[in-house]
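So the structure is just underneath, and the comments pick up after that.
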Amino acid sequence: MSWIRQHVRGSRRATAGLATTATLLAGVLSPAADAADRPSRAAALDNAATALADRAASLGLTSAQDTSVRDVIVDKDGAQHVRYDRTYRQLPVLGGDFVVHMAPDGTYRSADRAARVEISLPNTTPKVSAPRAADLGVNALRAANPGDALKQVKAKPELVVDALRGAPRLAWRTEATGLDSLGNPVARTLLTDARTGARIDAWDTMESATGDGKSLYSGTVTLETTLSGSAYQLKDPTRGNTYTADAADKTDACSGDTCNGRLFTDDDNHWGTGTTADRSTVAVDAQYGSDMTWDYYKDVHGRNGIGNDGKGSYNRVHYGTKLSNAFWNDGCFCMTYGDGNGTHFGPMVGLDVAAHEMSHGVTSRTARLVYSGESGGLNEATSDIFGTLVEFYAGNAQDIGDYLIGEKVVRSGLGRDALRYMDKPSKDGSSVDYWSSSVGNISVHHSSGVANHFAYLLAEGSGTKTINGVTYDSPTYNRSTVTGIGRVKLGAIWYRALTVYMTSSTNYAGARTATLNAARDLYGAGSTEYNAVAAAWSAVNVN
């Protein structure tokens, strides 16, 4: 296995530009080693390289495969966790990701793999051509938007190995994009068997929620800006140069320094009026949402920006025509906000909406949960959970923390006061409260209810409770009484599970295992917190 040892050691050099290791909440791991005594990121990569070389067979690694490091975490006690992606004959492997766990002394402990099948193909030559795969992707996008005259439709196929759905097979992963009749963006990913042309899976690409500056929703807030010449730019040098631009109601692709929008500037460094009459008002909301999300991840989880690399993300506001949507785009590393249709939704720049969408970026840089089936529900729930935690963290008197998702952007015409409800997800009329075998077949925005319900129960417990003036009444599947352990511990457990144990294929049963492992690491096996995690999952019928 000398080839593998040489290769995986080389992966450290290829990823030397990644951020230094994130730290967890102070004191949650014991014994807490002095930072100087903890292994470095480079040492963790070397230890992982040794583990991969020694255990190549058990990890399914062969000379036809290649690996690259996606993330590295070193715990306060020195335990190390290195997350890898893999390729097969230079093709990305869906389900090839895995995490290697090592003890503080660098010895191998265990590994979590997205898929355990042997990755081998007779050849990597497709029988279905790339143009044919592109046509199928375009057809899938049109089928998902029936009755709409799509414009500027494009499709980009990529040859991959699908190891997530049974025996590995050669497949085309095609990203299809276009504009709807109002000029707003639509996108869909199609996975096609490269031998037969049969559809394997399809999912929406844009992960979305259907839904001193004076903001629209959060009152007057403090903003860090950049002075350039005699004008101030809405660009934050303290948070990786995160900035906000005006898309001018257009839907141009993001490129360059301002994502094809005009960077907001101001003469006196006082931004917005608190009303939509001033186009910079919603820019204040977007920038503030980015600030609070950055601060939450850094202050609470030690994460240095969405990508954990110190780089800021970007905001585009006033995007499209009456677009009732906001979405994170991993390609441009940016957030995009529509102005809402005015009937059901106002401008989509609510604080928890911003934090929800930006958390999709965190998921993309860590577990990369596939956006379909149960893993898709967990992807959406992760964003709802962290969006809620950011809202509580911000402590904004105009947008007080609650377990309602998108309550600020909802208008009376929608017929309810929020997009989703964490204490009892079914209150939105579509989401599910409990797991069942059919959960993976419904929309990810609705299957997320299982994990959202779990998160609420873990933090607050079951039964009736009033928090910040909002009354909740959370039921349980097994009629049990669940005692909550608080939002701080919920966030610590879910973040560690996401960044250390979950993989692209994690389902609800796997999430239970991942969060139990996280609770064990943070608080000890058999601890109150560990038992609360188990009880909360059982209360939503994940056993």
Side-chain angles (χ1 to χ4, degrees), residues 22 70-71 73 83 97 99 112 114 203-204 206-209 211 293 296-297 300-301 303 306-308 313 326-328 330 335 352-393 403 405-406 419-420 422 425 431-432 435 439-440 443-459 487-519 533 536-537 540 542:
R70 189 193 306 171
D71 196 19
I73 290 177
R83 183 181 294 272
D97 54 302
V99 188
D112 287 295
W203 57 90
D204 290 332
M206 293 189 303
E207 299 163 340
S208 61
T293 304
Y296 167 79
Y297 279 109
V300 177
H301 302 298
R303 188 176 188 85
I306 299 303
N308 202 22
S313 52
F327 56 91
W328 170 267
D330 215 45
M335 266 294 307
D352 59 352
V353 174
H356 170 109
E357 300 302 343
M358 294 174 71
S359 293
H360 278 306
V362 175
T363 297
S364 176
R365 293 303 195 273
T366 55
R368 199 172 290 170
L369 290 155
V370 172
Y371 204 60
S372 65
E374 292 191 19
S375 59
L378 285 165
N379 190 320
E380 272 297 308
T382 294
S383 286
D384 279 352
I385 291 166
F386 286 126
T388 296
L389 293 176
V390 169
E391 190 176 79
F392 275 104
Y393 165 86
Y403 291 94
I405 306 299
L419 295 175
R420 289 186 289 280
M422 296 185 73
S431 295
V432 294
W435 182 88
V439 158
S443 164
V444 296
H445 291 92
H446 303 145
S447 63
S448 62
V450 178
N452 282 345
H453 194 187
F454 158 82
Y456 175 87
L457 289 168
L458 184 61
R487 290 183 294 273
V488 171
K489 291 179 179 179
L490 160 66
I493 290 169
W494 196 270
Y495 183 80
R496 184 166 177 82
L498 178 75
T499 57
V500 174
Y501 293 110
M502 291 185 186
T503 66
S504 58
S505 68
T506 297
N507 58 12
Y508 274 115
R512 178 186 174 108
T513 299
T515 49
L516 284 171
N517 286 342
V533 170
W537 279 123
V540 296
V542 179

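Throughout, residue positions are numbered sequentially from 1 according to the sequence presented.
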Looking at every heavy atom in both A518 and A497, which two are closest together, and how far apart are they? CB-N, 3.8 Å
Here the pair of heavy atoms bringing V540 nearest to L457 is CG1-CD1, 3.9 Å
Do the charged groups of R368 and D97 touch, with an N to O distance under 4.0 Å? no
Student check: side-chain heavy atoms of Y508 and V439 closer than 4.5 Å: yes
Mind telling me whether Y371 and H445 have parallel, tilted or perpendicular rings, with 30° and 60° as the class edges? perpendicular
Kindly give the heavy-atom pair with the smallest separation between F454 and V533, and that separation in Å. CE1-O, 3.6 Å
Using 0.5 Å steps for rounding, measure from the CD atom of E357 to the OG1 atom of T293. 10.5 Å
Classify the side-chain pair Y501/T515 by whether it contains a donor and acceptor separated by less than 3.5 Å. no
Would you indicate whether the side-chain heavy atoms of T382 and F386 approach each other to under 4.5 Å? yes
Geometric class of the Y495/Y297 ring pair [parallel <30°, tilted 30-60°, perpendicular >60°]: tilted
Where is the tightest heavy-atom contact between R512 and V542, given as atom of each residue plus distance? NH1-O, 2.6 Å
Indicate the atoms forming the closest heavy-atom contact of G449 with P425, along with that distance. O-CG, 3.3 Å
Please lay out, stage by stage, how V432 and H446 fare under the test side chain to side chain contact (heavy atoms under 4.5 Å, CB included). CA-CA 6 Å; V432 294; H446 303 145; 5.8 Å; no
State the CG-CG distance between L389 and D352, to the nearest 0.5 angstrom. 11.0 Å
So do D330 and R365 actually touch side chain to side chain, heavy atoms under 4.5 Å? yes
State, yes or no, whether a side-chain contact exists between S313 and W328 at a heavy-atom distance under 4.5 Å. yes
Atom CD of E380 and atom OG of S443: how far apart are they, to the nearest 0.5 Å? 7.5 Å
Atom OG in S447, atom CG in N507: separation rounded to 0.5 Å? 11.5 Å
Any non-hydrogen side-chain atom of W494 less than 4.5 Å from a side-chain atom of M502? yes
Between NE2 of H360 and CZ of F327, what distance do you get to the nearest 0.5 Å? 12.0 Å
Working note: V444 + N379, criterion side chain to side chain contact (heavy atoms under 4.5 Å, CB included); need CA distance, chi angles, decisive distance, verdict. CA-CA 8 Å; V444 296; N379 190 320; over 6 Å; no
Just so I know, are the side chains of M422 and I385 near enough to count as touching, which here means a heavy-atom distance under 4.5 Å? yes
Any non-hydrogen side-chain atom of V500 less than 4.5 Å from a side-chain atom of N517? no
Scanning both residues in full, the closest heavy-atom pair of R83 with L498 reads NH2-O, 3.1 Å
Students often mix this up, so state it plainly: with edges at 30° and 60°, are the rings of F392 and Y403 parallel, tilted or perpendicular? tilted
Rounded to the nearest 0.5 Å, what separates atom OG in S448 from atom CG in L378? 9.0 Å
pair T366-R303: side-chain heavy atoms closer than 4.5 Å: yes
